[in-house]
K.L.:
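Sharing a structure with you now.
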2 protein chains.
Amino acid sequence: MNFHDFSTLAATARLHDLAADPYDLTRPAALNPGRIGACRSSACGFDLLFATQRLDDRVLDALQDLADEAGLVDQFLAMKRGAVLNRIQSHESENRQVLHTACRDIFSSIPLSPEATCQAKEQLAALRRFLEDLEQGRIVNHRGESFTTMVQVGIGGSDLGPRALYLALKRYRLPGRSARFLSNVDPDDAAAVLSDLDLSRTLFNVVSKSGSTLETLTNERLVRSALERAGLDPARHLVSVTGAGSPMDDPRRYRASFHMFDYIGGRYSATSMVGGVTLGFALGYDGFVEILRGAHDMDTAAEERDIRVNAPLLMALIGIWNHNFLGHVTLAVLPYSQALLRFPAHLQQCDMESNGKSVTRGGHPVSYLTGPVVWGEPGTNGQHAFYQLLHQGATVVPVEFIGFRQSQYGEDLVVNGTTSQEKLVANMLAQSLGLARGRNHENPNKCFAGNRPNSVLIADRLTPFSMGSLLALYENKIAFQGFAWNINSFDQEGVQLGKILAGRLLEQLAAEKEGTPGPLTGESAELNLLRAAGCIG
Amino acid sequence: MNFHDFSTLAATARLHDLAADPYDLTRPAALNPGRIGACRSSACGFDLLFATQRLDDRVLDALQDLADEAGLVDQFLAMKRGAVLNRIQSHESENRQVLHTACRDIFSSIPLSPEATCQAKEQLAALRRFLEDLEQGRIVNHRGESFTTMVQVGIGGSDLGPRALYLALKRYRLPGRSARFLSNVDPDDAAAVLSDLDLSRTLFNVVSKSGSTLETLTNERLVRSALERAGLDPARHLVSVTGAGSPMDDPRRYRASFHMFDYIGGRYSATSMVGGVTLGFALGYDGFVEILRGAHDMDTAAEERDIRVNAPLLMALIGIWNHNFLGHVTLAVLPYSQALLRFPAHLQQCDMESNGKSVTRGGHPVSYLTGPVVWGEPGTNGQHAFYQLLHQGATVVPVEFIGFRQSQYGEDLVVNGTTSQEKLVANMLAQSLGLARGRNHENPNKCFAGNRPNSVLIADRLTPFSMGSLLALYENKIAFQGFAWNINSFDQEGVQLGKILAGRLLEQLAAEKEGTPGPLTGESAELNLLRAAGCIG
């Protein structure tokens with residue numbers, strides 16, 4: 001497969017020209033009924049409204065050309081079929097397939113990557129048996145009682161996605177089941193989580209592909225010692241999700257072990273067993289399968305070549321327009337749903353770890369912006385917080401709103417003729433409009449410049465299915481952007497340096513306590529920083 | 001008081017020249033022992049390490065000149081003494097004093113703003129009596145039992161600061177006491193919070209200065225109806241924090257009411273009764289007073305004219321250097337403390353709502369960048385998420401790390417010779433160093449460009465006192481930056497437009513349900529957006 005450099009595409013040059021005079025959303029009738037109706041794309045129950053972006057048909061056509069020229073859908077299909085896309089040409093790299101989509105390709109009669117989907121099905125079958133054993137009282141605590149809580153012990157990809165999904169779908173928990181998450185190496189995190197639990201009815205699900213993640217192993221030790229102090233047998237309370245053959249794939253130490261595979265990166269692993277075990281425990285097997293079904297449908301929608309009917313691809317391209325051509329370096333993702341409170345944190349990982357790169361797949365430095373800084377909080381909370389800057393700040397921040405027409409709980413109250421859910425959605429649409437259109441006023445402090453690009457994603461209700469679709473929508477959007485920028489969205493070399501340096505500092509700290517010489521010299525920045533920070537004398 | 005335009009200061013021109021060749025952190029010996037020792041400033045138990053910023057003595061001298069020329073400390077003192085700094089010259093504006101510092105000036109024999117401090121003391125005395133009544137069983141539920149939970153119902157400034165502080169200080173709760181927070185207009189937020197509670201032992205603390213905040217009133221109604229459904233008398237379970245004489249200052253409907261004042265903005269109100277009632281309930285009166293003491297000490301430290309010994313001012317100026325002169329538009333605040341998990345969200349409000357402005361205090365458009373986009377998550381979690389972009393992304397993101405030498409719970413485990421807390425701090429320092437220094441490597445994908453500016457704030461332990469200091473450190477940093485940019489950091493006109501538009505959309509939705517004509521015409525963007533979103537037929 002030939003990759004094209006982003007900066008040399010014909011479409012890129014055209015888009016640069018078009019960016020000199022982007023669509024002006026503040027003109028009278030800029031947001032006319034025709035435009036609002038036309039700038040709308042749908043997939044898997046989500047409507048994407050993008051009339052409030054600074055683009056017109058000429059820009060959309062150029063973005064379509066960019067997609068075609070760079071072969072974005074071809075690359076996506078190649079990914080799904082198992083191409084080795086996690087690599088850098090002519091340099092040592094991970095050299096792996098990228099097959100998170102295979103976990104949900106279980107509904108096709110002919111999966112695109114049969115072997116990976118077969119492995120996913122095997123794991124799902126094991127999960128189903130495990131959940132049935134729990135359900136039917138074959139897996140119980142020493143007193144014969146059922147387990148009520150599962151604590152997922154993981155970090156990064158083994159934490160953020162499953163956590164975001166669990167919080168989003170808490171509403172659909174099985175009666176008497178709940179989940180907690182333990183990630184940070186901060187010992188106070190473990191102490192706070194463990195102090196709240198009935199340990200005797202808790203299962204701990206330790207998740208690490210290598211079986212050697214420092215934070216996770218440390219937290220596992222804290223968990224084991226807490227169980228022992230409570231007179232409980234850790235082997236009865238721990239399960240693991242790990243690579244086959246890792247130190248954590250050990251039936252003597254874990255009640256059950258589920259497998260994860262090299263071809264699924266941590267940040268894309270929520271629909272593998274990394275998310276499956278805890279989400280299955282909390283929502284039931286069928287609930288987890290609904291998430292997969294929603295994701296699978298979105299993976300299929302992402303195969304469309306026409307950007308106007310491929311929502312993930314369109315969102316990717318609009319992001320590129322705002323980022324590379326209009327020059328906005330950040331992206332706010334603002335869900336109008338409290339249940340999505342940790343979804344922006346998951347996206348922060350998925351997007352910034354994937355596309356925060358500066359080397360092309362050919363091994364050359366990029367000459368253009370790559371992944372944006374992604375951040376966000378649920379609305380309407382944010383409206384009372386940072387929206388001031390979105391409306392009147394000196395920096396323009398593109399926004400992706402996410403909302404639902406109906407609430408999850410259905411416990412609502414009519415005040416002044418509308419429900420809280422209607423207020424939530426009305427606020428979201430009002431913000432979209434206000435950011436785009438702005439407002440003139442004789443008082444300069446009450447002026448709103450407008451032309452702040454944004455889109456709205458809206459669906460009926462946040463359910464396991466729609467959550468699965470939303471997750472895959474963003475995963476696919478991020479992959480498309482990486483393909484366009486010609487970077488490897490699937491490695492994370494940038495996290496290595498910190499690990500090496502931390503190891504050196506810790507060796508020194510351990511040595512100082514022993515009174516033996518450590519690895520650092522008196523002239524080294526490491527040692528002097530430890531001193532300046534008051535960590536050693 | 002004469003304000004100076006940021007762009008015409010002599011120091012500004014000098015800093016622009018210096019920015020052409022900022023200190024290169026990647027040179028050999030760039031981080032020599034002398035520099036690391038010298039680039040260190042302390043206040044209230046916090047050490048600020050800033051050797052890893054791209055500045056040298058020439059830049060520091062120019063920043064000192066900027067502080068002097070713009071009269072930053074004079075403006076801060078004027079603020080503390082009650083100057084009307086919440087205003088825009090020659091235009092309608094809030095025209096208010098800015099006196100959050102007066103809430104904690106209770107320890108001085110001669111307060112700088114005696115009247116406001118006297119009012120703060122009266123409220124504190126009322127809080128003390130209320131907490132004693134709870135303690136001694138004079139305020140109980142209908143069965144004569146004590147209250148165990150307080151739910152704070154508020155949004156924005158009435159939520160984020162108190163919530164961040166409560167989570168940070170949960171460790172220091174009184175036995176049997178806890179707090180929850182309810183903010184979003186999303187009905188699922190209320191349903192989720194209320195479904196977890198023993199309502200009979202819960203007090204609800206409704207917080208709104210005007211007594212008319214839409215989200216808060218709606219949630220209060222949900223709370224009242226839940227109490228009634230449970231056969232409980234709402235008047236027995238509700239207290240309020242509000243402006244004197246507001247609709248919420250009503251003893252028939254609230255068991256107690258505490259007052260907030262016009263001269264304290266929402267985002268600066270955590271040390272007023274807005275934070276005091278819930279934090280006092282959870283931590284005890286003395287715990288809350290310790291927060292005030294920490295904040296007061298930092299307010300005093302912020303009066304120093306020498307930027308090298310005034311940590312809030314120095315952080316403000318370093319931020320300006322990175323933002324206005326080196327051109328970095330975002331700021332990541334990364335606490336290596338799980339307890340500080342919501343502190344970045346509080347800062348997002350405090351900073352972005354304060355300084356996300358484009359009009360000077362003279363009423364003119366600014367010609368320079370103002371407040372940055374602030375975001376962050378606790379480390380080490382973030383290391384496994386977005387740090388990839390921080391190290392190798394095409395966009396440079398300045399970082400402020402925050403850490404503590406000791407844990408809160410003291411429940412720690414030695415693995416490979418070091419505790420988890422030591423691992424936490426070592427990781428933070430390693431990241432600081434890695435970002436600054438970078439690394440060369442023959443594999444371009446394993447190269448780190450370095451020169452990513454950052455500082456480290458470190459203290460012994462996260463306690464009520466140090467939390468108060470940290471809060472005030474950032475409040476004062478933000479105020480100093482606003483003074484430098486010559487903007488009004490204390491209003492929030494940017495939140496008004498969305499409110500007006502949302503009101504119009506809601507009127508239409510209510511009318512549609514009634515089958516009566518609403519305010520919107522068929523040509524309006526509002527109506528067509530409602531249609532495109534599928535909210536009306």
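It should be emphasised that the depicted structure is a prediction, and the values quoted were computed from it without experimental measurement. Just so we're on the same page: letters track the sequence lines, and every chain starts at 1.
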K.L.:
Need one label for B:I500: side chain, backbone, both or neither, based on atoms under 4.5 Å from any heavy atom in chain A.
P.N.:
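The side chain, not the backbone.
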K.L.:
Using non-hydrogen atoms and a 4.5 Å limit, figure out which bit of B:N416 sits close to chain A: side chain, backbone, both or neither.
P.N.:
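Only the backbone of B:N416 comes within 4.5 Å of chain A.
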K.L.:
Chain B heavy atoms under 4.5 Å from A:I88: which part of the residue, side chain, backbone, both or neither?
P.N.:
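The side chain, not the backbone.
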K.L.:
Measuring from atom CG of A:N184 to atom OG1 of B:T380, what distance do you get when rounded to the nearest 0.5 angstrom?
P.N.:
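A:N184 atom CG to B:T380 atom OG1 measures 4.5 Å (nearest 0.5 Å).
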K.L.:
Check whether B:Q431 gets within reach of chain A through its side chain, its backbone, both or neither, counting any heavy atom under 4.5 Å.
P.N.:
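Contact with chain A: side chain only.
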K.L.:
How many angstroms lie between atom CG of B:D189 and atom CD of A:Q338, to the nearest 0.5 angstrom?
P.N.:
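The CG atom of B:D189 sits 4.0 Å away from the CD atom of A:Q338.
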K.L.:
In a check of side chain to side chain contact (heavy atoms under 4.5 Å, CB included) between A:H384 and each of B:V495, B:L160, B:T213, which one passes?
P.N.:
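Result for side chain to side chain contact (heavy atoms under 4.5 Å, CB included) with A:H384: B:T213.
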K.L.:
Could you look at B:I458 and say if it's the side chain, the backbone, both or neither that has a heavy atom under 4.5 Å from chain A?
P.N.:
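Just its side chain gets close to chain A.
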K.L.:
Is A:E493 paired with B:R439 through a side-chain N to carboxylate O contact shorter than 4.0 Å?
P.N.:
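Salt bridge flag = no for A:E493 with B:R439.
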K.L.:
Can you measure from CG (A:N427) to CG (B:L505) and round to the nearest 0.5 angstrom?
P.N.:
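So the gap between those two atoms works out to 8.5 Å.
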K.L.:
When rounded to the nearest 0.5 angstrom, what distance separates NE2 in A:H391 from CD in B:Q492?
P.N.:
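With rounding to 0.5 Å, NE2 (A:H391) is 13.0 Å from CD (B:Q492).
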K.L.:
Which bit of B:S407 comes within less than 4.5 Å of chain A, counting heavy atoms only: side chain, backbone, both or neither?
P.N.:
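Both backbone and side chain.
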K.L.:
Need one label for A:R267: side chain, backbone, both or neither, based on atoms under 4.5 Å from any heavy atom in chain B.
P.N.:
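For A:R267, neither part sits under 4.5 Å from chain B.
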K.L.:
Using non-hydrogen atoms and a 4.5 Å limit, figure out which bit of B:E377 sits close to chain A: side chain, backbone, both or neither.
P.N.:
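The side chain, not the backbone.
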K.L.:
Below 4.5 Å from any heavy atom of chain A, which atoms of B:A192 appear? Answer side chain, backbone, both or neither.
P.N.:
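The answer is both parts of B:A192.
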K.L.:
Out of A:A30, A:A29, A:S337, A:G503, which one racks up the most heavy-atom pairs below 4.5 Å with chain B?
P.N.:
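Looking at each of A:A30, A:A29, A:S337, A:G503 in turn, A:S337 comes out on top.
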K.L.:
Heavy-atom distance under 4.5 Å to chain A: side chain of B:V456, backbone, both or neither?
P.N.:
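Looking at B:V456, nothing touches chain A.
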K.L.:
Side chain, backbone, both or neither: which part of B:E514 has a non-hydrogen atom closer than 4.5 Å to chain A?
P.N.:
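When you check distances to chain A, no heavy atom of B:E514 falls under 4.5 Å.
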K.L.:
Please state whether the side chain, the backbone, both or neither of B:F448 comes within less than 4.5 Å of a heavy atom of chain A.
P.N.:
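Side chain of B:F448 only, per the 4.5 Å heavy-atom cut-off to chain A.
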K.L.:
State whether A:K423 and B:E215 are salt-bridged, where the test is any N-O pair (Lys NZ or Arg NE/NH1/NH2 against Asp/Glu carboxylate O) under 4.0 Å.
P.N.:
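B:E215 and A:K423: not salt-bridged.
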K.L.:
Would you call B:E523 and A:P33 a side-chain contact if the rule is heavy atoms closer than 4.5 Å?
P.N.:
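They are in contact (side-chain heavy atoms under 4.5 Å apart), so the answer is yes.
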K.L.:
Counting only heavy atoms closer than 4.5 Å, note whether A:L506 contacts chain B via side chain, backbone, both or neither.
P.N.:
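A:L506 touches chain B through backbone and side-chain heavy atoms alike.
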K.L.:
Is there side-chain contact between A:H91 and B:N443, with heavy atoms separated by less than 4.5 Å?
P.N.:
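Heavy-atom side-chain distance check passes, below 4.5 Å.
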K.L.:
With a 4.5 angstrom heavy-atom cut-off, could you sort out which part of A:Q408 is near chain B: side chain, backbone, both or neither?
P.N.:
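Answer is both: backbone and side chain atoms of A:Q408 are under 4.5 Å from chain B.
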K.L.:
For chain B, find which of A:Q383, A:Q508, A:K513, A:R504 contributes the most heavy-atom pairs closer than 4.5 angstrom.
P.N.:
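When all of A:Q383, A:Q508, A:K513, A:R504 are compared, A:K513 has the most.
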K.L.:
Please flag which part of B:R171 lies under 4.5 Å from any non-hydrogen atom of chain A: side chain, backbone, both or neither.
P.N.:
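Looking at B:R171, nothing touches chain A.
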K.L.:
For B:P365, which atoms come within 4.5 Å of any heavy atom of chain A: side chain, backbone, both, or neither?
P.N.:
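No part of B:P365 comes within 4.5 Å of chain A.
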K.L.:
Given that the side chain runs from C-beta out, which part of B:K357 has a heavy atom under 4.5 Å from chain A: side chain, backbone, both or neither?
P.N.:
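For B:K357, the contact with chain A is made by backbone and side chain together.
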K.L.:
For A:R437, is it the side chain, the backbone, both or neither that has a heavy atom under 4.5 Å from a heavy atom of chain B?
P.N.:
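For A:R437, side-chain heavy atoms alone lie under 4.5 Å from chain B.
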K.L.:
With distance as the sole test, does A:R40 use its side chain to make a donor-acceptor pair with the main-chain N or O of B:A532 at under 3.5 Å?
P.N.:
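Here the side-chain-to-backbone pair exists.
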K.L.:
Contact part of B:A339 toward chain A, heavy-atom cut-off under 4.5 Å: side chain, backbone, both or neither?
P.N.:
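Looking at B:A339, just its backbone touches chain A.
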K.L.:
Would a 4.5 Å heavy-atom cut-off, applied to side chains only, mark A:L429 and B:L530 as touching?
P.N.:
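Result yes, sub-4.5 Å side-chain heavy-atom pair found.
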